[in-house]
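What you are looking at is a predicted structure, and each value in this text was computed from that prediction instead of being measured. Numbers here simply count residues along the sequence, with the first being 1. As the structure lists them, so they are numbered: ligands from 1, and atoms in each ligand from 1.
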Amino acid sequence: MSVAIITGASSGIGREFARQMKEGLGVTEFWFIARREDKMRELAEELSVDATVISADLATSEGIEAVRAALSEKKPSVKYLINAAGFGKFGSFDQIDESAVSGMIDVNAKALVLITHMTIPYMERGGRIVQLGSGSCFTPLPYFNVYSSSKVFVLHYTKSLNHEIKKYGLRATCLCPGWVETEFLGAATDRPDVTVPKAMKPLLTKEYVVKKCLVAMKRGRTMCVINWYTRLQHLLFKILPDSILTKTWLGMLKHPEDSFKGVQEPKEEK
Ligand SMILES: NC(=O)c1ccc[n+]([C@@H]2O[C@H](COP(=O)([O-])OP(=O)(O)OC[C@H]3O[C@@H](n4cnc5c(N)ncnc54)[C@H](OP(=O)(O)O)[C@@H]3O)[C@@H](O)[C@H]2O)c1
C-alpha cells in the first residue's frame with residue numbers, strides 16, 4: 001500500500017493536504033508528523049484512514065531521529081511526501097528569541113531537507129514531493145527576515161533537487177502561496193487578537209491553496225504560485241530591484257514594530 005507522509009499535519013495547510021489527498025487521490029495510508037499528537041489522531045479518526053502518528057519536535061535532532069527510526073523500522077512504500085511543518089516570527093532581529101530564530105532555520109529548512117533525503121530511498125517511481133516555500137521567498141523582507149530567508153533556501157533547494165531525483169522518476173514542487181488563513185499568522189505575532197495588516201488581505205483559504213498545489217504537483221511543476229495576485233508579485237519581484245521591493249514592503253508595514261500588534265490599548269489622557 002502506498003503511503004503519504006505529511007509533516008505539519010496537526011494544523012493548517014498540512015492538515016488540509018491530508019483531507020484532499022484522501023478525497024482526490026484516494027490515499028488511505030498516512031504518516032502524520034508534528035508535535036501535537038492529539039490533533040493528528042483526531043485527523044486520522046475524522047478521515048477514517050490508517051495513520052502512523054509521529055509526535056516529534058522537528059527543531060530537535062531527537063525529532064528528526066524519530067522519523068528516521070520509523071522509516072527504517074517500517075520501510076514504507078512512499079508515494080507522496082508533503083513537508084508542511086514550519087513557522088515564522090515577525091519582529092526585528094533583536095526582538096525575536098534566539099530559540100525561535102534557530103527554530104525557524106531548523107524546522108523550515110534543516111528538517112525539510114533531512115526528512116526529504118531520508119524519505120527518497122523509500123519512494124516509488126512517479127512519487128511526488130511538496131515543499132512548503134512561501135510568497136515571501138521572492139524578495140528580502142525586513143522584520144520577517146529569518147523566515148523569508150529560510151523560504152528562499154527551500155525554493156532553491158527544490159529547484160536543484162529536481163535535477164537530482166529525475167533519475168528515480170520523482171518530482172518536487174515548491175508551494176509558494178501568499179498569506180493563508182491558518183494558525184500561522186497568530187503564531188507569527190504571538191497575539192490571539194492580531195489584526196492582519198490591510199496589505200495582507202484578502203487571505204487565501206487553505207482549501208484553495210492545497211487544491212491548486214495538488215494540480216501543480218500532479219503535473220510535476222517545480223513551483224506552484226497560487227493565484228494571479230501572487231503571480232503578479234512573482235513577476236514584479238523578478239523585474240524590479242530589491243531596493244524598490246523592500247521599500248514597498250516597509251511601506252505596507254508602516255511602523256514595522258507596531259504593525260502586528262492588533263487591537264491597540266487606548267492612550268491615557270493627560
Ligand atoms: N499561512 C500562511 O500565510 C503561509 C504562507 C506561506 C507559507 N506558509 C507555510 O506553510 C506551512 C504550514 O503553515 P500553516 O499556514 O499551515 O501554519 P500552521 O497552521 O501554524 O501549521 C504549522 C504546522 O507546522 C507544525 N510545526 C511547527 N513547528 C514544528 C516543530 N518544531 N516540529 C514539528 N512540527 C512543527 C505544526 O505542528 P505542531 O504545532 O503540532 O508541532 C503545524 O502542524 C509552513 O511551512 C509555513 O511556513 C504559510
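The aromatic ring centroids of Phe30 and Tyr80 lie 6.0 Å or more from each other.
Remark: the Glu124 side chain and the Ser2 side chain contain an N/O donor-acceptor pair separated by less than 3.5 Å. One side chain, Asn83 or Thr116, offers a donor N or O that lies under 3.5 Å from an acceptor on the other. Between the side chains of Thr52 and Lys74, a donor-acceptor pair is found at a separation under 3.5 Å.
Taking the six-membered ring where tryptophan is involved, the planes of Phe144 and Trp249 are essentially parallel, since the angle between them stays under 30° and well short of 60°.
The shortest N or O to N or O distance between Gly8 and ligand 1 is under 3.5 Å. Checked against a 3.5 angstrom limit, the closest N/O atoms of Ile13 and ligand 1 fall inside it. When only interatomic distances are considered, the shortest N/O to N/O separation between Leu185 and ligand 1 does not fall below 3.5 Å. Checking only distances, Val180 does come within under 3.5 Å of ligand 1, N or O to N or O. In terms of N/O distances under 3.5 Å, ligand 1 is approached by Ser11. The shortest N or O to N or O distance between Ser134 and ligand 1 is not below 3.5 Å. Where the criterion is an N or O separation shorter than 3.5 Å, residue side chain and backbone included, Gly86 meets it with respect to ligand 1.
In this structure, Gly88 has no heavy atom closer than 4.0 Å to ligand 1. Heavy-atom separations between Lys151 and ligand 1 include at least one value shorter than 4.0 Å.
Under 4.0 Å from ligand 1, the heavy atoms of Val107 that appear belong solely to its side chain.
Of the protein's non-hydrogen atoms, the one nearest atom 15 (O) of ligand 1 is Thr182 OG1, 2.6 Å. For atom 31 (N) of ligand 1, the nearest protein heavy atom (residue, atom name, distance) is Asp57 OD1, 2.8 Å. For atom 46 (C) of ligand 1, the closest non-hydrogen atom on the protein side is Tyr147 OH, 3.5 Å. Ranking protein heavy atoms by distance to atom 28 (N) of ligand 1, first place goes to Arg35 NH2, 3.2 Å.
The only option from Lys159, Arg171, His163 that meets the side-chain hydrogen bond (donor to acceptor under 3.5 Å, both in side chains) definition with Thr222 turns out to be Arg171.
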